[in-house]
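No experiment lies behind these values; they were computed from the predicted model shown.
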Amino acid sequence: MNNSLDFSTFSRQSVGGIVFIYLKNLYAIFKKLWVAFLPILASQNKSKSILFAISLILVVLLFFLIKSILSYLFYQFKIEDNHFIVKHGILRKIQVSIPFEKIQNINFKQNFIHQLIKVTQVDIETAGAKSVEISIKALSIEKAKAIKHLIYSSKKNQSENFEETNTEINKPILRISPTMLLKEGITENHFKSFILFAAFLFSIYSQNRNFFKDNIILKSVEKQFGEITNTLYGIFILIVFALSISLIISFIKVFLIHFNLSVYYKDKVLEIVQGLLTKKHQILKKEKVQSIVISTNPLKRKFCLSSVYFKQVSNAKKPGKKSLPTRIIGCNSKHLDTIKQFLYGNIDFANCKKHKPHNYYIVQMAIRNLFLLLILNTIILATNDYPLFYMNIGLVPLLIFFIYKKYQKSYFKFNENLLIVGSGKIGTDTTYFPYYKLQSIELRQTIFQKKRTIYDIILQNATEKIKLPCVNQRTANYIYNYFLYQTEISTKKWM
Amino acid sequence: MLENSQIFETNLPEIEKVKFKRIHKNYLKVILLNIFLFCTLLITANILLFLFKDSLYTYIQPIYVYTSIFLFSLLLLLYYYIGFTKRKYAIRQKDISYKSGVFIKSTTTVPFNRIQHIEIDEGFFSRFFKLASINIYTAGAEGKDLEIRGVSKENAFRIKEFITSIIYE
């Protein structure tokens, strides 16, 4: 065996690892403290405060450099009789040992610095109640592959159902070209991007409120802003401005996350590779996917595009931390069929009835919205800001439109192993849930629903709650009994 | 080969026909104690406020405050009493179900083959009456899926034994 690929004695990660530990530390501290530097930069007594800031920054930089080098030096790993052993910690020594059979996935992650110095981050995911996750920040690709191979080959001997994923052999079932990305960027939900932007601005403002208060430039901006919004033309410009910023944010987001998206599949595993700065490899195991949501909006439909969200049980289950679903974009109907075929086999819904919610659902939504309107108007009343009442003129038709759309789009149907739920207001979401994976089922009935003998059904799976609103009694009882029966006799793996 | 053959509506085990068992009647005493404790705290807080001559009492007569506390606790009592009568549970061969709710009625069922673990929890007051609550956890997104309060301790442990014997089979 080549000496550099011998893992039986403790070895360190690639020297480049220092860079990553350092950058990660700095990034973490910068994220917390960057707003604190704003007032210093803008304060009146320039020369003194800048000197202070620079010396402060230097001390912080030096401190973290030493910390990073030390943690590099103390981070060691080896492989010994089917265990992966890691030793780390500067003051507090920690040794972690993971038996190979507990290892679920080995993922490589490369951002562009990794790609430059030809190393990769290696994440070792494990299963079990006490989940341990190991992340080696930088390892040469050669070594990383050797470790992966070593672990997988010994796993293979132990159990047959473990598959090694090899992406080079298969042709991708989906590959997104930059022009497709462009289309995706245009058709994104810009409202979401705008909220992101607004939230960002607001957080800066609220963290530095004092600073903004006594700044003269900002005051004049505020004054002018007030004047602009007084004219209709000004409002128009403002809307265009907000729209273009949202558009840019959407574009950047789509390009950063989904650049060069390709999806491969093999037997029981889907592998998704995407990302511009950080190339992300994600592995989706068939049985771990609890449900998928196919989502589209009117604009996307024009281009025949939809996104797919895979809701998967995460290996490292941290309480209170929800793992985001894996999202792929730019799927046309052919891609969707391939994915559905892969996950659920042939889906036949020819003889299945499409169930709509009871009409009472509209009433329920209307009452809830009315309630919200009432609260809003009371607040307006309390603040004496009477012109704001005109907002109702726009808001009421909008809410009615939303309720109408929501009712129109909500339906569900099921066959002997799959439940399909339609939902959405402007966009359309279609959830596919193989209901033998349900964790619990609940029938719920308010006193108003009792008069009409209808129920809400709440299905809980390992990642989310799925609600079927206002179902008539006979269907509700049938679903309750039937889904439970199918779950209880099922011997298929649900995770 | 599909392992699920078609089953007709009439052959399905029906939850509507299951006989649900009420929770132990002693649990009513626990509820009463809790409400009593809550109201005592409320009244003490008011007396303290009165002693320190808080500005509240320059506007409102104390008699109104105490009457409203009294009425409020009566309503609370009524609500919890009705709630108590609605709390029922049932165990079948392959699942456990629980019914509850006054204004919003709910029936929840958890299949045994999805249960991750079971906890038995004895509250402070419950311990005096030899009662316990059964907490059933699945991998569901929201953690605790089923909580049956006010089961006799003996019964709770029997249920736990029964379910554990099935899930670790």
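- Between the side chain of B/Lys94 and the main chain of A/Ile489, no donor-acceptor pair closer than 3.5 Å is present.
- Considering only heavy-atom pairs separated by less than 4.5 Å from chain A, the leading option among B/Ile104, B/Thr107, B/Ile115 is B/Thr107.
- Contact annotation: the side chain of B/Lys130 never approaches that of B/His24 to less than 4.5 Å [non-hydrogen atoms, C-beta and beyond].
- The most heavy-atom pairs under 4.5 Å with chain A, out of B/Asn113, B/Val102, B/Val110, come from B/Asn113.
- Residues A/Cys470 and A/Ile454 form a side-chain contact, since some pair of their non-hydrogen atoms from C-beta on lies under 4.5 Å apart.
- Judged purely by distance below 3.5 Å, without hydrogens or angles, the side chains of A/Ser295 and A/Tyr309 never pair a donor atom with an acceptor atom.
- Looking at A/Lys450, only its side chain comes within 4.5 Å of chain B, counting heavy atoms on both sides.
- The contact between A/Tyr436 and chain B is made by backbone and side chain atoms together, counting heavy-atom distances below 4.5 Å.
- Within the 4.5 Å cutoff, the side chain of B/Phe125 has no heavy atoms near those of the B/Ile31 side chain.
- Ranking A/Leu484, A/Leu438, A/Ile458, A/Leu443 against chain B, the residue ahead of the rest is A/Leu443, based on heavy-atom pairs under 4.5 Å.
- Contacts of B/Gln93 with chain A are absent, with no heavy-atom separation under 4.5 Å from either backbone or side chain.
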